[in-house]
Amino acid sequence: MHKEFLMGNQAIAYGAVAAGVNLVSGYPGTPSTEVLETVAKIRTDDTYVEWSVNEKAALEVAAGAAYAGARTLVTMKQVGLNVAADPLMSLEYVGIKGGMVILVADDPGPISSQTEQDTRTFAMFSKVPVFDPSDPFEAYNMIQEAFSFSEEYKTPVFLRSTTRVSHGYMSLDIKDRDEYYKNTPEGFVKDSKRWVIFPKLSLANHEKIENRNELLKDVLSDSHLNFILGDTSGKKKGIATGGVSFTYVKEVLKDRDDIPVLKIGTEFPFPEKLAADFMENLDEVLVMEELDPVIERGLIYTAGKTGLKIKVRGKLSGDAPKAGEYTIDIVKKCINAFTGSEEETNLFDISDAPDLPVRPPVLCAGCPHRASFYAVKKAMAGKKTLFAGDIGCYTLGNAMPLDMVDTCLCMGAGINIAQGIYHIEKDTKAFAFVGDSTFFSSGITGVVNAVYNQADLTLIVLDNSTTAMTGHQPHPGTGETMMGEIVSKVSIENILRGIGLDFVETVDPLQLYKAIDVVKRAAEKPGVKAIIFKSPCIALVPPEKPYCVDQDKCIKCKKCIRELGCPAIINDNGHISIDKSLCTGCGLCSQVCPVDAIRREG
């Protein structure tokens with residue numbers, strides 16, 4: 001054993017490698033991304049790693065390996081679980097042979113997501129057991145136990161993290177390489193009665209799953225993953241909690257011994273026996289948990305099932321916030337109200353702290369997406385248009401002054417939303433924006449649907465040669481795999497032409513007037529047509545010489561600021577200048593200036 005100072009996601013990766021994981025697949029999404037990236041760095045020669053094109057593909061790849069007896073890990077964020085739901089629901093009925101853990105990082109807040117959905121609720125819906133670590137140390141150990149648990153009960157298992165567990169840091173004792181478990185897959189053994197999901201097999205397996213999960217309630221009641229802190233005898237009030245909220249409860253209570261705590265590490269199947277033992281002598285229980293009232297409902301159900309007369313307080317009773325991320329101060333406020341304490345709610349004195357600067361989300365200085373949006377906006381000025389957006393850096397095109405994102409639902413949806421609006425409003429010029437990574441992940445089927453159903457729309461592929469929003473991961477169009485292999489790039493243009501598009505043009509959006517001309521020509525053609533705006537993300541290429549403003553020529557019209565919104569262009573009481581530390585030398589502003597007052601320095 002040796003010590004490492006690790007982020008929660010890194011701890012999960014180290015735990016998976018120590019557990020002998022043979023295959024890791026996933027799709028990048030904050031706050032889960034670092035798990036797979038860390039495995040790729042520390043993996044043994046027996047571990048295969050890939051960024052799959054989306055979460056559905058990742059889960060299916062891992063399922064195939066698990067059929068062959070491999071230990072597999074799939075990584076994603078909570079909205080990615082929706083994409084993986086189709087194979088997952090059936091996989092639970094079929095079962096697996098090797099241990100299979102599905103790491104899903106939830107995002108209370110939400111900080112970087114469309115939703116606050118709770119994977120623990122999805123676990124109940126899908127009948128898949130869920131492990132819920134409260135800190136990086138527990139995550140490191142839990143994933144190793146999850147693999148063994150998965151193999152023993154022939155079921156995939158969720159490891160549900162949250163942002164503060166995934167991105168928190170701890171100093172951990174971790175195994176040396178010679179202590180790693182080595183898993184040698186048996187290989188796939190043909191058995192159509194086991195691996196082919198016919199209705200008769202599903203019916204039989206459904207009953208087995210229900211019986212297994214009833215058994216697991218008792219197994220998990222006796223597991224060290226669920227436990228009681230303190231003595232409940234003679235006490236009237238207790239607190240039940242799980243996940244990162246457990247660490248907040250511990251910090252608030254400190255050395256108090258008058259409030260026993262029930263810590264739930266596996267919310268499904270719910271450890272009813274342990275929960276009943278905890279509630280037996282109590283009059284009231286306060287539940288502290290982020291997102292859905294999963295533990296709260298479990299306690300209410302258990303109390304009703306066992307005939308216990310107890311008041312369970314939490315989200316459902318209005319004694320805890322129903323949405324959003326919890327903090328120590330929020331937990332202390334709830335506990336003070338529950339116990340009748342008059343203590344100061346805030347644990348830290350922040351009365352003298354200055355206000356934090358407001359930093360609205362905005363495209364980076366020099367981002368080629370700004371030029372792409374601006375070219376479309378100028379080309380379509382005065383026309384009835386729809387700009388259907390998507391998930392990625394380019395969602396930030398909604399910010400003023402660009403204001404170029406009319407809709408944004410989920411990855412790949414913009415292409416189909418544009419079709420729906422077109423079919424109702426034939427006089428609308430419909431545009432759908434999608435990134436290069438998202439095109440491969442979930443955009444291709446939307447284009448096929450548009451061609452097949454004879455829609456009239458212009459597809460704008462914003463190709464910056466990376467998956468920028470989540471940390472610049474490779475994808476099929478970059479020509480590199482997560483394991484560092486150089487492979488043939490998958491051509492977006494060839495795919496579009498193969499689908500049946502006649503008009504497919506690639507242009508650098510930083511060549512503004514050429515880009516505007518392409519947009520005008522595309523918009524006038526009927527049917528489905530595509531423009532690939534290709535220019536690398538500024539994080540991939542060194543900046544060029546910055547631009548500056550010739551104060552003698554500048555007429556203070558502020559067109560560069562009013563129309564572009566580049567954070568490198570500064571208006572200081574009417575004095576227009578460019579911040580050299582931010583400017584990447586893209587030159588877009590110089591093409592917008594009506595009096596040629598902006599030029600490259602030197």
Side-chain angles (χ1 to χ4, degrees), residues 8-9 12-13 16 23-40 49-63 72-92 100-123 125-126 128 130-132 139 143 156-163 165-167 291-292 390-393 395 408-414 434-446 467-476 482:
N9 281 343
I12 291 168
L23 179 145
V24 184
S25 55
Y27 189 79
T30 306
S32 72
T33 308
E34 297 87 357
V35 175
L36 189 143
E37 290 180 331
T38 303
V39 173
V49 184
E50 74 169 38
W51 282 127
S52 306
V53 294
N54 61 23
E55 294 85 354
K56 180 180 187 293
L59 194 135
E60 290 164 349
V61 167
T72 64
L73 172 66
V74 193
T75 71
M76 64 194 72
K77 68 185 294 178
Q78 87 283 13
V79 288
L81 183 55
N82 302 330
V83 181
D86 184 16
L88 175 62
M89 297 300 292
S90 297
L91 183 62
E92 175 63 344
M100 180 175 180
V101 178
I102 305 167
L103 178 279
V104 184
D106 286 358
D107 186 18
I111 298 170
S112 59
S113 307
Q114 307 97 289
T115 73
E116 278 196 304
Q117 68 192 63
D118 193 324
T119 298
R120 299 174 304 160
T121 299
F122 198 100
F125 168 58
S126 60
V128 175
V130 59
F131 288 44
D132 189 17
I143 191 168
V157 172
F158 284 123
L159 184 77
R160 179 251 191 179
S161 181
T162 56
T163 304
V165 174
S166 283
H167 289 167
L291 301 181
D292 293 348
D390 218 298
I391 302 297
C393 291
T395 309
C408 183
L409 181 63
C410 62
M411 288 187 67
V434 68
D436 46 341
S437 178
T438 304
F439 174 81
F440 290 113
S441 168
S442 50
I444 296 173
T445 52
T467 313
M469 178 64 87
T470 53
H472 304 97
Q473 293 78 25
H475 61 64
M482 193 54 193

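Source: prediction; values computed, not measured.
Q78 places no side-chain N or O within donor-acceptor distance of the main-chain N or O of D118, the cut-off being under 3.5 Å. Within the 3.5 Å criterion, the main-chain N or O of G435 finds no donor-acceptor partner in the side chain of D390. Between the side chain of S441 and the main chain of S437, no donor-acceptor pair closer than 3.5 Å is present.
The structure places CG of L36 at 9.0 Å from CD of Q473, a figure rounded to the nearest 0.5 Å. For the atom pair CD of Q114 and CG of L409, the computed distance is 8.0 Å after rounding to the nearest 0.5 Å. Rounding to the nearest 0.5 Å gives a distance of 6.0 Å between CD1 of I143 and CG of L103. Going from atom CG of D107 over to atom CG of L291 covers 9.0 Å, rounded to the nearest 0.5 Å. Distance CE/M482 to OG/S52: 12.0 Å, rounded to 0.5 Å. Atom CE in M469 sits 4.5 Å away from atom SG in C393 (nearest 0.5 Å).
In this structure, S32 and A105 approach most closely via the heavy-atom pair CB-CB, 3.7 Å. Here the closest heavy-atom approach between residue P28 and residue T467 is recorded as CG-CG2, 4.2 Å. Residues E92 and P156 approach most closely at OE1-CD, 3.3 Å, considering heavy atoms. Nearest heavy-atom pair across I12 and A139 is CG1-CB, 3.7 Å. Of all non-hydrogen atoms in S112 and K77, the two that sit nearest each other are O-NZ, 2.8 Å. Considering all non-hydrogen atoms of both residues, S113 and T30 come closest at OG-O, 4.2 Å.
For S442, the side chain to side chain contact (heavy atoms under 4.5 Å, CB included) partners two or more places apart in sequence, or in a different chain, are M411, T438. By the side chain to side chain donor-acceptor pair (under 3.5 Å) test, D106 pairs with T119, R160, sequence neighbours left out.
The aromatic rings of F122 and F158 stand perpendicular to each other, their planes meeting at an angle above 60°, with 30° marking the opposite boundary.
M100 has its side chain within reach of L59: a pair of non-hydrogen atoms, C-beta onward, lies under 4.5 Å apart. Residues E55 and L81 are not in side-chain contact: their nearest non-hydrogen atoms beyond the backbone lie 4.5 Å or more apart. With contacts defined as side-chain heavy-atom distances shorter than 4.5 Å, the pair T163/P108 qualifies. Here the side chains of W51 and E37 are in contact, with some heavy-atom distance below 4.5 Å. Inter-residue side-chain proximity for K56 and Y27 is flagged as unmet; no heavy-atom pair is nearer than 4.5 Å.
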>> Between N9 and H167, does the side-chain contact (heavy atoms from CB on, under 4.5 Å) criterion hold? Intermediate values first, please.
In response: CA-CA 7 Å; N9 281 343; H167 289 167; 3.9 Å; yes

